[in-house]
Amino acid sequence: MTEILEPTVNGRARADAVAGNVLLVDYLREIVGLTGTKMGCDGGECGACTVLVDGEPRLSCVTLAQSCAGRDVETVEGLTRNGRPGAVQRAFHEKLGSQCGYCTPGMIMASEALLRENPQPTEQEIRDALAGNICRCTGYVKIIESVFEAAAHREAE
Amino acid sequence: MMLKTAGTPTHGRVGERVPLVDGVEKVTGRAQFSADILSADTLVGRILRSPCSHGDLVSVDTSAAEALPGVVAVITGDVCPQPFGILPIAENEFALARGKVRFKGDAVAAVSAVDHQTAERALGLIKLEIRELPAYFTPDDARARDAIDLHAERPGNLEREVHYELGDVAGGFEAADVILEETFHNAEVTHVQMEPNATLAEYDPERDRLTVHSCTQVPYYLHRALAKVMEMDQAQIRVIKPFIGGGFGARTDALNHELIAGLLARAAGGKVMMKLSREETYLTRGGRPETRMRLKVGVTGDGRLTACACETVQTGGAYACYGIITVLYNGAFLNSIYDLPAIKYDGYRVYTNMPACTAMRGHGGVNVRFAFESMMDLIAGRLGIDPFELRRRNLLTAPTETINGVKINTYGLPQCLDWVEQASGWRERAGKLGPDRGLGVACSHYITGAPKPVHWTGEPHATVNLKLDFDASVTILTGAADIGQGSSTMLTQTVAEVLGVDLGRIRVIANDSAITPKDNGSYSSRVTFMCGNAAIEAATRLREILVEAAAAKLDADPKDIDCTDETFRVVGSQDPGLAFKEVVTEALIASGTITTKGNFSAPPEYQGTVKFRGSAVGPSMAYSYAAAAVEVTVDEITSKVTVDRIWVAMDCGFAINPLAVEGQIQGAVWMGLGQALSEEVQFQNGLPVHANILDYRVPTIKDTPPIEVEIVETIDPNGPFGAKEASEGAIACISPAVANAVANAIGLRLRETPLSPDRIMAARSKQAKA
């Protein structure tokens, strides 16, 4: 059933006609036009599509868009303010937590969710929080370093 | 041809830890990958795939699909009579099946429609008539006497068999005090690049022009294949590579979905987006082939290698792809790492009814290294020699030339071994970690680019253009494909170093065939060496023009002028000098916009000095070297192997960007870890069981140990600033290091990968019964 979906996406109120079977990832990419969120698998396995819904990390490829009615949805694009990357983005850039960049949006959103809840995580807590995000390039070493770097600089934001 | 590198860097732009020049796009989500190029008039493309592993394609009835409202075009193998394949001597694949289907998943028909649902429905309306043939999933079955040939021109289902001897093999075994013979097995592993395959093709019927955006590592080979398969003039085709989400070899040849997208776009007279699912991405290409290897090695009583005989069978899949190269590399990589005076190699690349295996990081050098480094430890154990010591007794001395005609100028393996031994605390700790814990070591190496190109057209192997205009910005125009390894950053640093300018003055425009010069692509780790050297030549030419102009203005000798930190000065002078922009303005007076070009070609003497059939595979401008130590714990009950720590040292000649080099080494090591512990392609009756990211088990962040990296620099005389490759050399040492560590931990050696719990448990039961 097509309904008018009214979430907030990256702080902006939206009103879009969306069918009941549309996935959140496709809503964000094809209707809202934010292609930063990626599909890496056939559903729920790789974490590349991670976004925040009311601050919680969610796999947008197994979330129906309509389930986000009235909710706050944040994508990787939303962490940039006036063209300036946020602390987590900047850390992943400077510490090479990103190589090909495909897992990066999901990895950053999962990291952002962690740091909002736990601003000074231990390495084990970082590993637990990112356990559902697969990267094929980095071997995760510099991803962990990036999250530590982000934690160190987040207050400055 | 005299090669010269740019000597010792003096401007502080190389050897620096530099974040990727396109990193900001990636972390902000602005980076556009192929599937991100959206527009309202783009049609959805989908492929109908064979449900049958092997059969004669009797008929394909697309009439019902064509009649479905919203379907704009339906095509079959009728539209693509020209076969394609990466190797000119082995082109036996069609974009859409003609006459036969050869694996479950083989592309048979394709539709373009206005939306996903219509396309999906259309696929369901296509009727296939297939006369089933016996299918073969193992080399033994495929090679059986009564087996039906997958390809008529390859009888006995053999794509290639290789047989050669180098040095005095019989004499070498004669001289051996100890001879060991073992069999090893590696399951197939595959790339799992995070971006599923995607291609956007646009056809303009008014101009007969095709534009393709695709996730390719080799835009040039794709361009050639599109022209061949679509029977179009290459000049009418434009290939653009957007950001791509990894490759690792999966995209080093033209892929059928890319060609199908082009064919569909032409049939529809418009734009078609072909996005493959993850499952389809697995079906597009196989990975590092399943390998069975019999290795026989002879050594003297004090551990000096005297001879080696290796017989390899590779399970190749349904089409030729890189098969000949892979089976040749398996033999070639026996060489160039230790002082091995005699080699006998017999290799078999076999057709089976599964997706065709392509190149995968480390190519044919990985599985042979698993066998050989495992063997080295077996020899060490038999002779009572420490594994490090045994390897040290067999090191090469550079410069040297190997028995298969490879020139080796720099060889940092000794330094790698020293560092790894020290960092891991080997001498104090090996064998003393306690029950179920162990340390293992192994070495590996890789080529820095294949010096003989795939197409022997005679052109330079790499070309880089530079543009400098009134705004004093420098643009690098290159065909070098950045696939996340950081080639655009490497080029920026290289040009900035030669010119003496800031990185921010430089832009890179890459991989648009209408604008950028051709490059062969990102495979065999050729880009830093070949494109880096081409960039140095182009930048040197540009520098000469600017120095000339500066010298005129400063009334000085050009030989005395240098540009450092964007200022041209007479060297040693206290004068303020001239700002970069001033000099540019001056230089433009004579000629207007300045463009320079740099080329690179591997000289003939690096293309192999010993000639035999297949000898072109193996030689390189330079080899990288690595050693790794791995610490493991094996669970007593579950037999799960946990890797606690990895130390790896790699000789990459010179690290133009140590940050990127570390990242590549860590990534390679981790990928080797996956093959060692848990990755395994699995088919049941030709149906993929592994084709998702849960069943195909790549290590998650929780499974990944700390990886400590040491960069060893040997400054290669031919490399750009001495650089060699840094992305593939460290992968092959990991599986054998893990196998060696497990043997050290539990006194049980597995001669197969992955070292999964079920295999270890089976080995333990077998040992207990014995």
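When reading the values below, keep in mind they use all heavy atoms of this one structure, side chains included, and skip hydrogens, waters and symmetry mates. Numbers restart at 1 for each chain; the letters A, B, ... are given by sequence-line order, proteins then strands.
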Item to complete: Measure distances from A/Ile108 to the heavy atoms of chain B and classify the residue's part below 4.5 Å as side chain, backbone, both or neither.
Response: side chain
Worksheet, complete the sentence: In terms of heavy-atom pairs under 4.5 Å with chain B, the winner among A/Cys103, A/Ala131, A/Pro105, A/Gly47 is A/Ala131
Discussion item. Measuring only between side-chain heavy atoms, which start at C-beta, is A/Cys137 closer than 4.5 Å to B/Phe248?
Written reply: yes
Discussion item. With heavy-atom distances below 4.5 Å as the criterion, would you say the side chains of B/Met194 and A/Cys135 are in contact?
Written reply: no
Worksheet, complete the sentence: Separation between SG (A/Cys100) and CG (B/Asp482), nearest 0.5 Å, reads 10.0 Å
Discussion item. Can a donor-acceptor pair be found, under 3.5 Å and without considering hydrogens, that links the side chain of A/Gln99 to the backbone of B/Gly663?
Written reply: yes
Worksheet item: Does a side-chain heavy-atom distance below 4.5 Å link A/Arg90 with B/Val27?
Response: no
Worksheet item: Non-hydrogen atoms of chain A under 4.5 Å away: do they reach the side chain of B/Ile483, the backbone, both or neither?
Response: backbone
Response to the item:
When rounded to the nearest 0.5 Å, the distance separating CD of A/Glu45 from CG of B/Asn692 is 4.5 Å
Worksheet item: Of all of A/Ile144, A/Ile143, A/Thr138, A/Ile126, which one pairs up most often with chain B through heavy atoms under 4.5 Å apart?
Response: A/Thr138
Worksheet entry | From OG1 (A/Thr35) to CD (B/Gln32), nearest 0.5 Å | 6.0 Å
Worksheet item: Taking non-hydrogen atoms and a cut-off under 4.5 angstrom, which of residues 59-78 of chain A neighbour chain B?
Response: A/Val76, A/Glu77
Discussion item. Just so I understand: if I count every heavy-atom pair under 4.5 Å between each of A/Gly101, A/Cys41, A/Gly40, A/Gly132 and chain B, which residue has the most?
Written reply: A/Gly40
Fill in: B/Leu38 versus chain A, the contacting section by heavy-atom distance below 4.5 Å
side chain
Practice prompt. State, yes or no, whether a side-chain contact exists between B/Pro19 and A/Leu96 at a heavy-atom distance under 4.5 Å.
Written response: no
Worksheet entry | Whether over 12 other heavy atoms sit under 6.0 Å from A/Arg84 CZ | no
Worksheet entry | Side chain B/Gln666, main chain A/Gly139, donor-acceptor under 3.5 Å | no
Response to the item:
Residues of residues 14-31 of chain A with a heavy atom under 4.5 Å from any heavy atom of chain B, in residue-number order, are A/Asn21, A/Arg29, A/Glu30
Discussion item. Which atoms of B/Gln117 are under 4.5 Å from chain A, going by heavy atoms: the side chain, the backbone, both sets, or neither?
Written reply: side chain
Discussion item. Between A/Tyr140 and B/Pro699 (side chain of the first, backbone of the second, donor and acceptor by atom type, cut-off under 3.5 Å), is there such a pair?
Written reply: yes
Worksheet, complete the sentence: With sequence neighbours left out, the residues meeting salt bridge (Lys or Arg N to Asp or Glu O under 4.0 Å) with B/Asp22 are B/Lys26
Discussion item. Less than 4.5 Å to any heavy atom of chain B: does that hold for the side chain of A/Met39, its backbone, both, or neither?
Written reply: backbone
Fill in: Whether A/Arg136 side chain and B/Gly246 backbone form a donor-acceptor pair below 3.5 Å
no
Discussion item. Quick check for you: among B/Val698, B/Ile37, B/Val669, B/Leu673, which has the greatest number of heavy-atom pairs under 4.5 Å with chain A?
Written reply: B/Val698
Worksheet entry | Residues B/Glu662, A/Lys142: salt bridge by 4.0 Å N-O rule | yes
Item to complete: Look only at the side chain of A/Asp42 and the backbone of B/Ser277, and say whether a donor-acceptor pair between them is shorter than 3.5 Å.
Response: no
Discussion item. Atom NZ of residue position B/Lys271 - does it have more than 12 heavy atoms of other residues, nucleotides or ligands inside 6.0 Å?
Written reply: yes
Item to complete: Identify which of B/Ala691, B/Gly484, B/Gly23 forms the greatest number of heavy-atom pairs closer than 4.5 Å to chain A.
Response: B/Gly484
Fill in: Side-chain touch A/Asn133/B/Ile701, heavy atoms, less than 4.5 angstrom
no
Item to complete: Please look at B/Gln664 and chain A and tell me whether the side chain, the backbone, both or neither of the residue comes under 4.5 angstrom of a heavy atom of that chain.
Response: both
Item to complete: Keeping the roles fixed (side chain from B/Arg30, backbone from A/Gly36), state whether a donor-acceptor pair exists under 3.5 Å.
Response: no
Fill in: pair A/Glu94-B/Arg17: side-chain heavy atoms closer than 4.5 Å
no
Worksheet item: ring-ring contact (aromatic ring centres under 6.0 Å, His included): which pairs involve residues 100-136 of chain A, sequence neighbours left out?
Response: A/Tyr102-B/Phe33
Worksheet item: Quick one: of B/Ile693, B/Asp36, B/Leu20, B/Val192, who has the most non-hydrogen atom pairs under 4.5 Å with chain A?
Response: B/Asp36
